[in-house]
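Data block below; observations after.
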Number of protein chains: 2
Amino acid sequence: MRHLSICQALDAEELTQLEDIASDSVFDERVVLFHEEDEASSVFNLTAGVARLIRSLPDGRRQVTGFALPGDFLGLSLEKTWRYSAEAVTPVVACRFRRSVFEAFADKNPQLIKKMHEFASHDLNMAQDHMVLLGRLTAEEKLASFLVEMKKRWSRIAGHEPGLIRLPMGRQDIADYLGLTIETVSRVINQMQRDRKLVIVPDGIRFVDQNYFDALAL
Amino acid sequence: MRHLSICQALDAEELTQLEDIASDSVFDERVVLFHEEDEASSVFNLTAGVARLIRSLPDGRRQVTGFALPGDFLGLSLEKTWRYSAEAVTPVVACRFRRSVFEAFADKNPQLIKKMHEFASHDLNMAQDHMVLLGRLTAEEKLASFLVEMKKRWSRIAGHEPGLIRLPMGRQDIADYLGLTIETVSRVINQMQRDRKLVIVPDGIRFVDQNYFDALAL
DNA sequence: AGCTGACATTGACGCAGATCAAAAACAGCC
DNA sequence: GGCTGTTTTTGATCTGCGTCAATGTCAGCT
């Protein structure tokens, strides 16, 4: 079970070695996994739950730069300090590596570094997509893109209910992810429901008119 | 001269090897270095000039995701296709590597891959900064942040005139970088000049009130 | 069941920045 | 210099989304 998400870069032997330096941590809802500018002494791999990744401005404005889902890694950049905070949106279980040990391990496994670079490149693409969203999309397009993205990501996760788009994060988190206010997020989603584009259900939403979303999403 | 910008990751011997697989290319103003979704068959290292990195939407809306300055690398992610276009803002000279050869070289030099990963991590940080800018800053704050960023980046480039913040890109490019319109960019900059925060000079601007910019910038 | 606190929805109104339109500045070029 | 096309600036007006304020909904607790 845990093997699946731990690291696709390694063969069986390397995996066993990696597991030796890993330990599981659990975080309750709202708990901070790590804080912007703290020393980055761990690498995390989420095994269950959802976390929000946040950059804050001195005056309290927030930008959620992403949501971490099961399987996602945090801290692969191996920089000395965290550049963002991570908070548990739901209870989170994460496989945790001491950074110094992980780094030493990576130095001996070029294939792992290459994989880490691929992960970083992928994250950079996602970040650039998100720049387009933040800079150039309307509120309706932002919501459509977000929902399509979440549908795609959940669909890759074993045991998800197909069709259900789980939204464990609150409206405020969605707003801070999309560069909107909570009121606009609420208005747009509810307007979509009135227009029969989606239905709001417990824990998330379901698409009624997939074409509508595909046409609007980035 | 060129040695300085080619690759800080390598020792003298490796550098010589790398140079053997490199060739210089020049691009006139407005010329496309490569296009979104084209096969990525090269890796570039700018040696002179400035390029804009662009993601476009089907309806013509654009997001400039960044500007490449001398010393910057393009294509280090080693993905099969480009995810953005690059166009010369000024005449550009770039050191170009055939991707297949560069990749083979990297596979034999773990230190180079590690350096590439560091570059990607740095770019990811920049991208996250830019998400905060796009999602949460006002027009005035966006311009201040952009100008401070450009000042910082030019100051690291040998032969720049200290104090001058060169802006070779047009107002439209700045607007597409900041998620604004060209009119707003023009208005904000000219208002700053009226307020004696900066002066507009040929090829760029100069700060008059550095404190003002430091206080506003991200 | 009723209470409590957190979160979401809805409505009325305002404003930062977009849009539309025109004039001004500038760069090449003959 | 004068002509031409491009980019920038400036002004007037509009609007999408933010702000402010109230009300509604739901989960957990006693």
Side-chain angles (χ1 to χ4, degrees), chain A residues 28-31 50 52 57 59-64 87-91 133-147 167-195 198-205 216, chain B residues 28-30 50 52 57 59-64 87 89-91 133-147 167-195 198-205 216:
Chain A
D28 287 339
E29 211 173 312
R30 293 155 183 279
V31 167
V50 176
R52 55 178 169 258
L57 292 171
D59 65 0
R61 282 176 288 179
R62 303 191 319 162
Q63 178 67 38
V64 170
E87 298 172 10
V89 167
T90 65
L133 179 148
L134 290 168
R136 289 299 180 221
L137 299 195
T138 64
E140 189 187 18
E141 291 170 325
K142 285 177 176 180
L143 259 304
S145 298
F146 169 66
L147 295 172
L167 300 177
M169 66 294 288
R171 296 288 187 265
Q172 186 63 60
D173 288 333
I174 298 175
D176 287 337
Y177 182 55
L178 300 178
L180 297 171
T181 59
I182 185 174
E183 294 94 330
T184 298
V185 170
S186 181
R187 271 187 254 274
V188 172
I189 291 185
N190 285 285
Q191 187 58 47
M192 285 172 172
Q193 172 156 251
R194 260 173 251 121
D195 295 344
L198 57 74
V199 287
I200 300 172
V201 295
D203 300 333
I205 64 105
L216 275 183
Chain B
D28 287 339
E29 210 173 313
R30 290 155 185 281
V50 176
R52 55 179 169 256
L57 292 171
D59 65 359
R61 282 177 288 178
R62 305 191 318 162
Q63 177 67 39
V64 170
E87 298 173 9
V89 167
T90 65
L133 178 149
L134 290 168
R136 289 296 179 226
L137 299 196
T138 64
E140 188 187 19
E141 290 169 327
K142 286 177 176 181
L143 259 305
S145 298
F146 169 67
L147 295 173
L167 300 176
M169 66 293 290
R171 297 288 187 264
Q172 186 61 61
D173 288 333
I174 298 175
D176 287 338
Y177 182 56
L178 301 179
L180 297 170
T181 59
I182 184 174
E183 293 95 331
T184 297
V185 170
S186 181
R187 271 187 253 275
V188 172
I189 291 184
N190 284 285
Q191 186 59 48
M192 286 171 171
Q193 172 155 251
R194 261 174 252 121
D195 296 343
L198 56 73
V199 288
I200 300 172
V201 295
D203 300 332
I205 65 105
L216 275 183

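First the proteins, then the strands, lettered A, B, ... as listed; each starts at 1.
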(request) Return the 5'-most residue of the pair Glu29(B), Thr181(B) with respect to DNA chain C, ranking by each residue's nearest nucleotide. (result) Thr181(B)

(request) Describe the nucleic acid contact of Arg194(B) in one word from base, sugar-phosphate, nothing, applying a heavy-atom distance below 4.0 Å. (result) sugar-phosphate

(request) Provide the closest heavy-atom pair for Val50(B) versus Thr90(B) in the form atom of the first, atom of the second, distance. (result) N-OG1, 3.0 Å

(message) To check you understand the geometry: which heavy-atom pair defines the closest contact between Ile182(B) and Arg171(B), and what is its length?
(response) CG1-CB, 3.6 Å

(request) Please tell me if the side chains of Asn190(B) and Ile200(B) come closer than 4.5 Å, counting only heavy atoms from C-beta onward. (result) yes

(request) Give a yes/no answer on whether the side chain of Asn190(B) brings an N or O atom under 4.0 Å of OP1 or OP2 in dT10(D). (result) yes

(message) Side chain of Ser186(A) only, heavy atoms from C-beta on: which candidate in dA8(C), dG18(D), dT10(D) is closest?
(response) dA8(C)

(request) Return the residues of residues 169-179 of chain A meeting this criterion: a heavy atom under 4.0 Å from some atom of DNA chain D. Order them by number, or give none. (result) Gly179(A)

(message) Distance criterion of 3.5 Å, no angle test: do you see the side chain of Glu183(B) paired donor-to-acceptor with the base of dC20(C)?
(response) yes

(request) Report the end-to-end axis angle of the helix from dA1(C)-dT30(D) to dC30(C)-dG1(D); each axis comes from five terminal pairs, and the value is rounded to 10°. (result) 40°

(message) Between Leu147(A) and Leu167(A), is the side chain to side chain contact (heavy atoms under 4.5 Å, CB included) condition met? List the steps.
(response) CA-CA 9 Å; Leu147(A) 295 172; Leu167(A) 300 177; 4.0 Å; yes

(request) Tell me what Arg61(B) touches on the nucleic acid: a base, only sugar-phosphate, or nothing, going by heavy atoms under 4.0 Å. (result) nothing

(request) Using only heavy-atom distances, decide whether a donor-acceptor pair under 3.5 angstrom links the side-chain of Arg187(B) to the base of dG11(D). (result) yes

(message) Let's see if you can work this out: which of dA18(C), dT9(C), dC17(D) has an atom nearest to the side-chain heavy atoms of Ile200(A)?
(response) dT9(C)

(message) Give me the atom names and distance for the closest heavy-atom approach of Val64(A) to Arg52(A).
(response) CG1-CB, 4.5 Å

(message) With a cut-off of less than 4.0 Å, is there a side-chain N or O of Arg30(B) near OP1 or OP2 of dT7(D)?
(response) yes

